[in-house]
Amino acid sequence: MAGPGQGWGPSATLCVAVTAMSAALLAPGLTQPHDLSRRRPSDLKIDQALLLVHNELISENLTVSWLSDYCYQCLYQDLVSVPMSNTTGKPNIVAVAVDSQHPVTLQLNGTSAGRELTRIHYHFGEFGNYSLVVKNFGGSTKRISCDIIVNEKPVNSHLPILYAFLIYMGLLGVLALGRIFAIIDPIRNWFYKKLNPEDTDRLINSELGSPTKADSTHSNVPATAWTVSQQRLRSLDTFRGLSLIIMVFVNYGGGKYWFFKHQSWNGLTLADLVFPWFVFIMGTSVSLSLSSMLRRGCSKWKVLGKALWRSVLLFLIGVVIINPNYCLGPLSWGNLRIPGVLQRLGFTYLVVAVLELLCAQAVAGTDVLETPYSALRDILLYWPQWVFILMLEAIWLGLTFLLSVPGCPKGYLGPGGIGDFGKYPNCTGGAAGYIDHLLLGEKHIYQHPSSSVLYQTTVAYDPEGILGTVSSIGMAFLGLQAGKIFLLYKDQHKQIISRFFIWSVVMGIISAILTKCSKDEGFIPVNKNLWSVSYVTTLSCFAFLLLLLIYYLVDVKRWWSGAPFFYPGMNSILVYVGHEVFENYFPFKWKMKESQSHGEHLAQNLVATSIWVIISYLLYRKRIFWKI
């Protein structure tokens, strides 16, 4: 009988191959202005459209500026200047590429008096061809009409996602049907008979009846594998694997779609969810693993030594191996980025592990006597930890809102650049950026933050910086709280589920208050770059809900084995380090026929991600796990 997840290799390859064919290829274009309204020029890039600005004004040169809806309190940016028309009915035409990711506002100014003529709000489609016709209205030189005409319809750049989704859902359906047929005795017996005719006949005809996962000596999965998996909460590895696979996909590019990239500043995209979830589930695992080691008789000093060694290894792997400056060499100390994902994981892990060891108590499940305060025992039994975490959050708030940053207002949470109407161009991140520059130096932090694209920031800023690590400790601690719930209410599924739901609601209420249910207007907006308090509470709200759902499906009802995410979750460090190191090597990347195609990028990124799922599955079958 096929184990969960078998057949993923060919399925993944087929999926991404069909996805690639769905990409729209660029048609060869012509460069003459009068032909641009009929064909798309070949030099347009992903997330761009062609705009032909027709200036029919006789007495007014025209300047067009633009502003994205996603750029909060930003300055308008110059787009193009178009001279006045010399002859009635014969406009001057200038072609320019415009952004098609988000709706934009175009502002038209006349150059003679610098006056604003009009504004127009529009969402251009990718690779579309548009004309912006500006002319006098009703014969008056003071009345202006402004219209956008679609010369050539844009492509539907989201179709590759739909195709990929349908194919993966189809494969999932086939696998589900296979599992259903596999539990039907005649089909299962026939399957085993074909694979192992002699041994299977003996087993089927014996008093033992049909072989099971644990009984079969010729099963593809060793018997010990099932024993080990039953001792673990598969939902934790499934949650970890889900976060990891999404992280791999978005790190590889996410098909170059903006919603699979990190948000420029405030707000959330899919890419902003996965790292905090990984930190959260790490905290949950710390609670369970340390409790297990202490129950086996390990001394706290021995456990502390293991935690310290693991943290050091994570930090060294992050600094030396996962190094973005490959063009300068892996040991280019002068420009070496010190913060990073694994570095933050290592430090966060050490803090929560020490915190848990200091307050470890021999309590589990129903051994605890019921009292009027039993409903809060997962908090009250560990009140010193809560005091410490609240002190850390007070430090984050104090430094963020009270630290004096040269040239910046106190409590500044903005991106700098052209944000805040260009008042604070070098204040990216406020206190968080200032602390990193002061303690680490500009050359040792991330040089290409996500804010540089939309907000045109020019200073270095690290999203895994020092101040944000304080918040990541809080995120891991909330995961630690989930682990305590698993321990204190062992096998009490209703208690575990209800507490996860309550925690999710509490975190959601705190987030709603901090953000005022707004992307940019709250007291503390949700911001991944800053790892703001509201970011932690919001992602914790999602994490508790997601863990609740996975726990219910995988460990309570056993309706889902956790495949395919369970396998990379069991080998998370290997998959993360491997996908970073081999990112630019075949078969994870290849030379594209058309680089300006969402479909081809999506195909490549799905292939690369699927390969890591297959690798982790094969390693699981061979019982190979990389632990540090």
Side-chain angles (χ1 to χ4, degrees), residues 4-5 8 225 228-251 270-292 307 310-311 313-314 317-318 322 341-342 344-346 348-349 352-353 356 472 475-487 496 500 539-540 542-556 560-580 609-610 612-620 623-628:
W8 276 80
V228 171
S229 65
Q230 294 301 319
Q231 295 173 352
R232 298 173 65 97
L233 281 169
R234 290 180 69 95
S235 54
L236 299 188
D237 293 310
T238 303
F239 189 110
R240 185 187 300 109
L242 172 63
S243 303
L244 179 61
I245 288 306
I246 298 176
M247 189 184 299
V248 170
F249 175 66
V250 299
N251 284 351
L270 180 67
D272 299 317
L273 306 178
V274 289
F275 184 30
W277 285 351
F278 201 87
V279 172
F280 179 92
I281 209 65
M282 180 186 71
T284 307
S285 300
V286 165
S287 178
L288 299 177
S289 62
L290 294 190
S291 174
S292 175
R310 188 183 191 195
S311 299
L313 282 179
L314 285 171
I317 292 171
I322 313 299
V341 170
L342 289 184
R344 174 171 285 185
L345 282 175
T348 301
Y349 171 80
V352 294
E356 182 69 357
S472 72
M475 186 81 191
F477 178 74
L478 290 169
L480 198 74
Q481 187 66 28
K484 289 183 174 63
I485 293 173
F486 277 126
L487 289 172
I496 292 172
F500 283 175
L539 271 296
S540 296
F542 297 160
F544 275 112
L545 272 182
L546 186 57
L547 183 57
L548 181 159
L549 178 63
I550 295 175
Y551 173 70
Y552 182 77
L553 294 175
V554 174
D555 288 318
V556 178
W560 178 29
S561 68
F565 307 114
F566 173 76
Y567 308 113
M570 291 285 287
N571 245 323
S572 56
I573 296 299
L574 185 147
V575 172
Y576 182 81
V577 173
H579 101 276
E580 288 279 5
T609 306
S610 299
W612 284 112
V613 173
I614 296 168
I615 290 173
S616 62
Y617 171 68
L618 295 175
L619 291 174
Y620 174 81
R623 311 304 293 158
I624 299 173
F625 305 102
W626 183 24
K627 304 290 184 182
I628 59 174

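Numbers here are sequence positions counted from 1. If you're wondering where the values come from, they're calculated on a predicted model, not measured in any experiment.
Every side-chain contact (heavy atoms from CB on, under 4.5 Å) that L548 has, sequence neighbours left out, goes to I497, F500, F501. Among residues two or more places apart in sequence or in another chain, the side-chain hydrogen bond (donor to acceptor under 3.5 Å, both in side chains) test is passed with W612 by Y252. Partners of D555 according to the side-chain hydrogen bond (donor to acceptor under 3.5 Å, both in side chains) rule, which considers only residues two or more places apart in sequence or in another chain, are S235. Partners of L313 by side-chain contact (heavy atoms from CB on, under 4.5 Å), not counting sequence neighbours, listed by chain and number: W309, I628. When the side-chain hydrogen bond (donor to acceptor under 3.5 Å, both in side chains) test is applied to S289, no partner is found at least two apart in sequence or on another chain. Among residues two or more places apart in sequence or in another chain, the salt bridge (charged side-chain N to carboxylate O under 4.0 Å, His left out) test is passed with R344 by none. Residues passing the side-chain contact (heavy atoms from CB on, under 4.5 Å) test with I624, sequence neighbours excluded: L619, K622. Listed by chain and residue number, S472 satisfy the side-chain hydrogen bond (donor to acceptor under 3.5 Å, both in side chains) test with T348 (two or more places apart in sequence, or in another chain). Residues passing the ring pair (Phe, Tyr, Trp, His ring centres under 6.0 Å) test with Y349, sequence neighbours excluded: none.
Taking the side chain as every heavy atom from C-beta outward, S572 and F278 approach each other to under 4.5 Å. With contacts defined as side-chain heavy-atom distances shorter than 4.5 Å, the pair N251/Y576 qualifies. Two residues are said to be in side-chain contact when any heavy atoms from C-beta on lie closer than 4.5 Å; M570 and S616 fail this criterion. In this structure the side chain of V556 reaches within 4.5 angstrom of the side chain of Y551, judged on heavy atoms. Contact of the T284 side chain with the I281 side chain is registered, since non-hydrogen atoms from C-beta on lie closer than 4.5 Å.
The one candidate from L545, L547, L553 that meets the side-chain contact (heavy atoms from CB on, under 4.5 Å) condition with L549 is L553.
A distance below 6.0 Å separates the ring centres of F566 and Y620.
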Side-chain polar contacts of residues 239-246 - donor-acceptor pairs under 3.5 angstrom, sequence neighbours left out - could you list them?
unit_1 : atom_1 : unit_2 : atom_2 : d
R240   : NH1    : D237   : OD1    : 2.6
R240   : NH1    : G569   : O      : 3.1
R240   : NH2    : S285   : OG     : 2.6
S243   : OG     : F239   : O      : 3.1

Which pairs would a plain distance check flag for residues 476-487, meaning a side-chain donor or acceptor within less than 3.5 Å of a matching protein atom at least two apart in sequence or in another chain?
unit_1 : atom_1 : unit_2 : atom_2 : d
Q481   : NE2    : D378   : O      : 3.1
Q481   : NE2    : D378   : OD2    : 3.0
K484   : NZ     : E356   : OE1    : 3.0
K484   : NZ     : Q385   : OE1    : 3.0

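What you find for G562 and T238 is that their closest heavy atoms are CA-OG1, 3.4 Å. Between G346 and L314, the closest heavy-atom pair is CA-CD1, 3.7 Å. Across F625 and N571, no two heavy atoms sit closer than the pair CA-OD1, 3.4 Å.
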Going through the checks in order, is the side chain to side chain contact (heavy atoms under 4.5 Å, CB included) test met by L342 and V577? CA-CA 9 Å; L342 289 184; V577 173; 4.1 Å; yes
